[in-house]
Amino acid sequence: AQSVTQLDSQVPVFEEAPVELRCNYSSSVSVYLFWYVQYPNQGLQLLLKYLSGSTLVKGINGFEAEFNKSQTSFHLRKPSVHISDTAEYFCAVSPLGAGGYNKLIFGAGTRLAVHP
Amino acid sequence: GAVVSQHPSWVICKSGTSVKIECRSLDFQATTMFWYRQFPKQSLMLMATSNEGSKATYEQGVEKDKFLINHASLTLSTLTVTSAHPEDSSFYICSASKVEQYFGPGTRLTVT
């Protein structure tokens, strides 16, 4: 079984400041890792994913994340946030298997609030 | 590419009635579609996995007779909430998979 822990339920930050949203996971098998963003009353948009290879993954909107296998973490970072980054961010894992990423297990989410 | 739509985006129904939510993959064929439920300020909870042409697989604790899922084609899955009650009020999100999951914009259901 897999589980995902997002360590902060809310992260307030000022505009143009850096931000890190933390994610740890637990799994008995290897997993793929994802970060999604959800704007109010909308579905989820994929920010980035780690499948294999380089542990530093770059995504859309200037976000990046680093996979740390020993610490089972996949923290999301952005060097300078904008007001428009205010949203809910979800970390998710999917166990490796044939046929693709066919089961996503989500963390509880982190609310990023960017203030002017 | 990989656009998923949901209809309706918002629906209000009276307690005891049924409501159908559609999920469509607009520009790709999806052999697998997923239905999630999201309560306010909470994460997504997988309700069921739907494969085209076969019965849906429901997660533990999800009533299959209450949440009817039909996946009649490679581009359409429907979720019918039968005999809806106020506690069924929630945000329902579908996703369609071609290896990776692509999410719809969600449907907000309010049962009065």
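Each chain gets a letter, A, B and so on, in the order the sequences are listed, and its residues count up from 1.
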#### Entry: Sole residue of B:Tyr102, B:Phe103, B:Tyr36 in ring-ring contact (aromatic ring centres under 6.0 Å, His included) with A:Tyr36
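Output: one option passes, namely B:Phe103.
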### Task
Measure B:Gln38 against the heavy atoms of chain A and call it side chain, backbone, both or neither at under 4.5 Å.
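Looking at B:Gln38, just its side chain touches chain A.
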### Query
So what's closer than 4.5 Å to chain A heavy atoms on B:Ile93: side chain, backbone, both or neither?
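Contact with chain A: side chain only.
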Please answer: with hydrophobic residues joined when any side-chain heavy atoms are less than 4.5 Å apart, are [X] and [Y] in the same cluster?
X: A:Leu112; Y: A:Phe74; value: yes
X: A:Leu48; Y: A:Val4; value: yes
X: A:Tyr25; Y: A:Leu7; value: no
X: A:Phe34; Y: A:Phe63; value: no
X: B:Leu68; Y: B:Val19; value: no

Side chain, backbone, both or neither: which part of [X] has a non-hydrogen atom closer than 4.5 Å to chain B?
X: A:Gln38; value: side chain
X: A:Leu44; value: both
X: A:Phe106; value: both

### Task
Step through the shown structure and confirm whether more than 12 heavy atoms of other residues, nucleotides or ligands are within 6.0 Å of NZ on B:Lys66.
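Yes, enclosed.
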### Task
Taking atom NE2 of B:His7 as the centre, report whether more than 12 heavy atoms of other residues, nucleotides or ligands fall under 6.0 Å from it.
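Open: at most 12 neighbouring heavy atoms sit under 6.0 Å from NE2 of B:His7.
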### Task
Looking only at non-hydrogen atoms, find the nearest pair between B:Ser43 and A:Ala108 and report the distance.
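Closest approach of B:Ser43 to A:Ala108: CB-CA, 3.7 Å.
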### Message
Show, in sequence, the C-alpha distance, side-chain angles and deciding distance for B:Phe91 and A:Gln42, and conclude whether the side chain to side chain contact (heavy atoms under 4.5 Å, CB included) test is met.
### Response
CA-CA 10 Å; B:Phe91 196 54; A:Gln42 294 186 28; 6.0 Å; no
### Query
Under the side chain to side chain contact (heavy atoms under 4.5 Å, CB included) criterion, do A:Glu88 and B:Gln42 qualify, and how do the steps go?
CA-CA 10 Å; A:Glu88 191 81 22; B:Gln42 294 188 29; over 6 Å; no
### Query
Can you tell me how far the CD atom of B:Glu100 sits from the CG atom of A:Leu51, to the nearest 0.5 Å?
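Reported to 0.5 Å precision, the distance equals 8.0 Å.
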